[in-house]
Amino acid sequence: MTEQSANTLSKKEHNIGRFLMAATAILWGLAGVCVKSITWNSFSLMAARSVISLLMLAAVKKSFKAKITKANLLGAVAMSVTGILYVESIKLTTAGTAIVLQYIAPILVFLYSVIFQKQKAKLSEAIITFAVFGGCVLSFADNLDPTRIAGNVLGLLSGVSFAAQIIIMNNANSNSDDCLYLSNIISLVFCLPFVFFDKNLSFDKTNIIWILILGIFQYGLANIVFSRGIKRVDKLEGSLILTIEPIFNPIPVAVFCGEKMGGLAILGFLVVVVFVTLYGLLPTIESKIKKEKVESV
């Protein structure tokens, strides 16, 4: 399972964790429409949302301090790298392409658990994990554009760092709030110098509105919710629940930016929803089958 096993939590806490991870996915899903609607370059976007997120996290923590440990720093670096790569990927390719490529993460988390942690994988978990990934690919097959190589490569790399983020922040040795806080500092320090070279930096009404949505909801609130949800679920389950994000992501992009979803996207949506729901029901199904076997003896 995980260092801080979801089995040690009450059923209520586990369900709260699932709800928080689903809410995180929806909030993170606003990234596409925000980034596409703002004229600034990706570094200016990251710097701005990092400032807003830092203020929100400080308010929640009631402190501007963070505990610096190896685990917290690794988690912070992984989160910062994921954000920078993903935002730049959206700028260079379609939002659908960027998010589906990032969602190689569940596969990587699954493989990490099996290979390095020697976690015995159930056949059902393996099938569901790869089915969910297949659903994501199917959803955006009509958006994948091999000519946008740079954006596609960055999308894949963000998937690698996203998997690392999930694994590290799920570890009992890391403090999610401190990881988030430190990641924003890292992103701000790295991105701020590039702001001065942004030729598209404009503070018109539209940019300001979308920047506030990006900083407050898509990043600040989303990551606060994520930090509370990831400790209540198994890392594999958490990564699977987060696949709600690539399903929701193209909807506001289609409404506000004109990137439409096709028939394959709808089919992929159904595949992901069905298999993520099935994964959530697995413990109940397995418990019922085990109970029936005992009663039949």
Side-chain angles (χ1 to χ4, degrees), residues 27-58 64 66 73-103 105 145 148-165 169 179-224 226 245 249 252-253 256-257 259:
L27 290 169
W28 275 351
L30 294 172
V33 67
C34 289
V35 173
K36 291 290 186 182
S37 300
I38 300 169
T39 61
W40 303 1
N41 67 32
S42 57
F43 297 108
S44 297
L45 290 177
M46 284 296 297
R49 80 173 191 175
S50 293
V51 170
I52 295 172
S53 183
L54 276 172
L55 294 175
M56 291 180 67
L57 287 169
F64 283 95
L73 278 176
L74 286 174
V77 170
M79 177 167 275
S80 180
V81 170
T82 298
I84 293 171
L85 290 175
Y86 177 50
V87 170
E88 181 63 15
S89 178
I90 294 175
K91 284 288 188 183
L92 296 176
T93 187
T94 65
T97 300
I99 190 60
V100 74
L101 291 175
Q102 187 185 67
Y103 269 79
D145 184 356
R148 303 180 180 184
I149 300 299
N152 291 353
V153 170
L154 292 179
L156 284 170
L157 292 176
S158 74
V160 176
S161 59
F162 186 33
Q165 173 186 326
M169 292 184 69
C179 286
L180 290 169
Y181 195 79
L182 291 171
S183 74
N184 281 284
I185 293 176
I186 293 171
S187 295
L188 179 59
V189 170
F190 179 80
C191 295
L192 189 59
F194 294 95
V195 174
F196 300 101
F197 301 95
D198 188 353
K199 297 179 180 179
N200 296 316
L201 192 65
S202 170
F203 294 93
D204 60 82
K205 184 179 178 180
T206 300
N207 277 335
I208 294 300
I209 290 174
W210 284 110
I211 280 292
L212 290 175
I213 293 174
L214 180 72
I216 296 173
F217 297 101
Q218 190 277 328
Y219 201 65
L221 181 59
N223 286 331
I224 290 172
F226 173 77
E245 181 188 355
N249 185 292
V253 176
F256 292 97
C257 305
E259 287 186 359

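Any value given below was found using the heavy atoms of this structure, including those in side chains, with hydrogens, waters and symmetry copies removed. Nothing here was measured: the structure is a model prediction, and the numbers come from that model.
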What are the two closest heavy atoms between [X] and [Y], and how far apart are they?
X: Gly83; Y: Arg49; result: CA-NH2, 3.6 Å
X: Ser50; Y: Asn184; result: CA-OD1, 3.4 Å
X: Val87; Y: Ser42; result: CG1-CB, 3.5 Å

Taking side chain as C-beta onward, heavy atoms only, is [X] less than 4.5 Å from [Y]?
X: Met79; Y: Ile186; answer: no
X: Ser37; Y: Cys257; answer: yes
X: Met169; Y: Leu180; answer: yes
X: Ser183; Y: Val77; answer: no
X: Trp40; Y: Trp210; answer: no
X: Ser161; Y: Leu85; answer: yes
X: Ile52; Y: Ile211; answer: yes
X: Lys91; Y: Leu45; answer: yes

Check: [Y] main-chain N/O paired with [X] side-chain donor or acceptor under 3.5 Å:
X: Gln218; Y: Trp28; result: yes
X: Thr82; Y: Phe162; result: yes
X: Asn223; Y: Phe226; result: no
X: Asn207; Y: Thr39; result: yes
X: Tyr219; Y: Ser53; result: no

>> Test side chain to side chain contact (heavy atoms under 4.5 Å, CB included) on Ile84 and Glu88; report intermediate values, then the result.
In response: CA-CA 6 Å; Ile84 293 171; Glu88 181 63 15; 5.5 Å; no
> Between atom CG of Leu27 and atom CZ of Phe217, what is the distance when rounded to the nearest 0.5 Å?
Replying inline: 8.5 Å
> Between Ile99 and Tyr86, is a side chain to side chain contact (heavy atoms under 4.5 Å, CB included) present by the stated rule, with each step listed?
Replying inline: CA-CA 8 Å; Ile99 190 60; Tyr86 177 50; 3.5 Å; yes
>> Walk me through whether Phe43 and Phe197 qualify under side chain to side chain contact (heavy atoms under 4.5 Å, CB included).
In response: CA-CA 10 Å; Phe43 297 108; Phe197 301 95; over 6 Å; no
>> For a quick check under 3.5 Å, do Ser80 and Ser187 share a side-chain donor-acceptor pair by atom type?
In response: yes
> After noting the C-alpha distance and the side-chain angles of Ile213 and Ile209, does the key distance pass the side chain to side chain contact (heavy atoms under 4.5 Å, CB included) rule?
Replying inline: CA-CA 6 Å; Ile213 293 174; Ile209 290 174; 4.1 Å; yes
